Structure formats: structure tokens, C-alpha cells
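Some notes on the structure that comes next.
Along the sequence shown, residues are numbered consecutively beginning with 1. For ligands, and for the atoms within them, numbers begin at 1 and follow the listed sequence. Being a predicted model, the structure only gives us computed values, none of them experimental. What you see below is based on every heavy atom in this structure, not just the backbone, and it leaves out hydrogens, waters and symmetry mates.
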Amino acid sequence: MNYQEIHDRAADQVGPYCKNCPVCNGRACANTIPGPGCKYPGNVAARNYDKWQEICVNMDTLCPNADPDITFAFGGRTFSAPVFAAPLGSVDLHYGPKYKDPEYNHILIKAAYDSGIIAMTGDGVDPAIMVSAVKDMTEIGGIGIPTIKPWNKEFVFEKQDILKQNQIFAAAMDVDGAGLPFLKAMNPNAGSKSVEEMKEIIDYAERPFIIKGIMTVNGALKAVEAGAAGIVVSNHGGRVQGGTPSTAEVLPAIAEAVKGKTTIFVDGGIRSGVDIFRAIALGADAVLIGRPILNMIYGGGAEGLQVYLEKITGELKSTMTMCGAADLKAITKDKVFIP
Ligand SMILES: Cc1cc2nc3c(=O)[nH]c(=O)nc-3n(C[C@H](O)[C@H](O)[C@H](O)COP(=O)(O)O)c2cc1C
């Protein structure tokens with residue numbers, strides 16, 4: 001099947017809230033939670049998407065004619081593209097009953113691996129969700145990144161023990177999940193983490209650790225101080241806090257402060273290869289994509305992810321060729337024009 005066929009097939013699979021829009025731009029779902037939307041007032045996902053579209057790419061075709069190299073290295077491994085699958089949790093609640101998290105992750109983890117990239121998986125209230133994801137990752141040599149919620153230390157360590165026992169490649173924490181009610185109800189306390197606490201968690205991990213949910217220079221500096229191998233510049237797609245800037249707006253200053261000290265990922269509204277190019281030009285090393293991958297998996301299973309990745313990496317390569325960038329390092333700030 002081609003991209004359009006798979007995308008169309010998702011229409012009656014993705015539940016009552018997602019409208020399977022031609023481009024996932026955060027508008028039709030706005031503030032639907034449950035659903036794929038955002039917290040009140042519901043405009044963060046749309047802002048994420050819109051701000052990438054404002055950035056123009058600068059063509060330069062007086063360059064050697066070579067196939068662009070889009071391979072991306074992280075944590076001692078090389079990936080086929082600078083794209084990781086973003087963690088998505090409670091998929092049945094937000095997108096309808098076709099899959100529960102373990103089934104969705106089962107498809108995602110293997111499909112991402114087969115395409116040469118890697119899946120980050122979501123955490124949930126039910127510990128069995130991460131256990132099941134870890135089992136799937138173990139079958140492909142541990143290649144996956146479970147994202148742990150900012151539970152209290154004891155619980156985070158328990159989860160990390162599972163990753164260590166199964167030699168999982170890397171771990172992540174969505175620190176911006178700190179405000180979630182089920183965390184606040186925990187005893188001892190869960191929620192936001194001090195630099196000291198993060199340091200302890202990262203030291204205990206003994207593997208590359210990504211902090212997801214960084215939206216300020218100060219936050220990025222603290223993540224580096226805590227020893228994060230990577231940060232994700234992310235506002236969680238607008239799901240944890242209303243009224244934030246878009247990720248495209250905060251990325252340049254964050255990159256200015258920490259580029260080269262940690263790997264910089266960014267997510268939120270990145271939909272095409274042109275968007276990936278824009279994100280890298282603004283200082284990201286790689287991107288995460290969430291919602292559109294889900295639609296493609298709901299529409300076409302593993303093939304959905306593969307076809308979508310082929311589409312966007314083709315667009316990225318074509319943009320690199322048109323803008324005179326032979327590899328990812330060559331996608332510099334001067335390759336874009338911000339009106
Ligand atoms: C339904 C849904 C569930 C999500 N669950 C998680 C989660 O469990 N952990 C996490 O770190 N991020 C979660 N996210 C946030 C995504 O990982 C990502 O940061 C966000 O969707 C922005 O990327 P996108 O615009 O490409 O979707 C979720 C997002 C959605 C829409």
C-alpha cells in the first residue's frame with residue numbers, strides 16, 4: 001500500500017476524537033482529552049505545527065551532486081535517519097479500542113527497528129505496559145527506549161532495574177509529566193525532580209538517558225548538569241500545560257546553550273522531511289514524531305510506519321539536495337530563512 005492508502009484506511013480506525021486529518025496540525029482535535037488534543041485552551045499542538053511552517057528553506061544547488069547522508073548516531077549506535085518514534089501512552093483511551101498499549105508498542109518497536117530507527121515507548125499507571133515493551137525490545141537485542149514517568153525514586157529505580165536486567169539500549173523520562181494527577185497522589189512524593197535527584201536517577205541508569213520535556217535554556221542547562229545523554233525539547237504536544245510557546249520558538253536558544261554537550265531532540269508538529277530539515281537547521285540533532293506514526297500504524301500496522309518513514313526521509317533527502325547539504329551536519333542555521 002502507498003502512503004495515501006494507509007492514511008485513508010486509518011480514518012475509521014482511530015476512534016471518535018482523532019479526525020485523521022490530511023495533515024496532523026492540532027486543529028480538529030484542539031482540546032479533546034481524552035483524545036489526541038491539548039490541555040485548555042487547546043492551541044499548543046497547532047502552534048507547534050504552524051511555527052515550523054513559517055520557516056523557509058534556502059535553496060542552493062551549486063553543490064556537488066551526491067546522495068545525502070542522513071544517518072544519525074546516538075549512544076554508540078547509528079540509525080538510518082534522525083527520527084525516533086515518540087512515546088504515546090493510553091492509545092486505546094485517546095484513539096479508540098483497536099490497540100491497547102502493549103499491542104501498539106509491540107508493532108511499533110519491531111517496525112521502528114526494521115526501519116533502522118528506534119521506538120520510545122510510553123509509561124502508564126499499569127507497570128505491565130513497560131514490562132511488555134521491554135519483552136518486545138529484548139527480542140530485537142534491547143533496541144528501544146522506554147520512557148519512565150517521574151515517579152518517586154523507589155519506583156523509578158525498580159523500573160530501571162528491569163531495563164538493566166534486560167540490557168535495554170537507553171532510558172528516558174518525561175519530566176514534564178510531573179503535573180499528572182496520578183503522580184501527585186503517590187506516596188512518597190512523585191513529580192518534578194531536582195538536579196540532584198535527576199543525577200541520582202541517571203547515574204543509576206548506567207545507559208544513555210534522555211530527559212524529555214525541556215522548554216527553556218535553564219532547563220536544558222540543568223539536564224546537562226544532571227548528565228543527560230540527550231534532551232527532548234518538547235511541550236508534550238500541549239498535553240500537560242496550556243499556553244506554552246511552540247518547540248520551534250524555544251529550540252534556537254536552547255541549542256545555542258547546550259549544542260554539543262548533549263544530543264538535542266525536538267518534537268511537536270514535525271510532519272514532513274522539510275520539517276525535519278527546519279528542526280535540524282534550528283539546532284536539533286534529531287526529531288521525535290508522535291501522532292502521525294500512530295495514524296499510520298492504525299491504518300497499516302508495521303507497514304504504515306515503514307511507508308511513512310520512507311516518505312519523510314525521501315522529503316528530507318530531497319530538501320538536503322536542493323539546499324546543498326550533503327549530511328546532517330551541513331544543515332546549518334544559514335540554510336533557513338525566518339521571515
Ligand atoms: C495520545 C498521546 C499520548 C502520549 N503519551 C505520552 C507518554 O506516555 N509519554 C511521553 O513522554 N509523551 C507522551 N505523549 C507526547 C508525545 O510523545 C509527543 O511529545 C507529542 O505528541 C508531540 O509530538 P507530535 O506532535 O509529533 O505528536 C503523548 C502524546 C499523545 C498525543
Does ligand 1 have an atom that lies less than 4.0 angstrom from a heavy atom of Leu88?
-> yes
Salt-bridge contact [X]-[Y] (side-chain N to carboxylate O under 4.0 Å):
| X | Y | value |
| --- | --- | --- |
| Asp176 | Lys212 | no |
| Glu206 | Lys164 | yes |
| Arg9 | Glu5 | no |
| Lys110 | Asp136 | no |

Note: His94, heavy atoms under 4.0 Å from ligand 1, region reported as side chain
[atom] [closest protein heavy-atom partner, distance rounded to 0.1 Å]:
| atom | value |
| --- | --- |
| atom 23 (O) of ligand 1 | Gly268 N, 3.5 Å |
| atom 7 (C) of ligand 1 | Lys149 NZ, 3.7 Å |
| atom 4 (C) of ligand 1 | Gly89 N, 3.5 Å |
| atom 6 (C) of ligand 1 | Pro87 O, 3.3 Å |
| atom 2 (C) of ligand 1 | Arg239 NE, 3.5 Å |
| atom 15 (C) of ligand 1 | His236 CD2, 3.5 Å |
| atom 19 (O) of ligand 1 | Asp267 OD2, 2.5 Å |

Return the minimal non-hydrogen interatomic distance between Ile211 and Ala223, and the atom names on each side.
-> CD1-CB, 3.9 Å
Do Arg278 side-chain atoms and Val336 backbone N/O form a donor-acceptor pair below 3.5 Å?
-> no
Does an N or O anywhere in Asp174 fall below 3.5 Å from an N or O of ligand 1?
-> yes
Does a side-chain heavy-atom distance below 4.5 Å link Met215 with Thr247?
-> yes
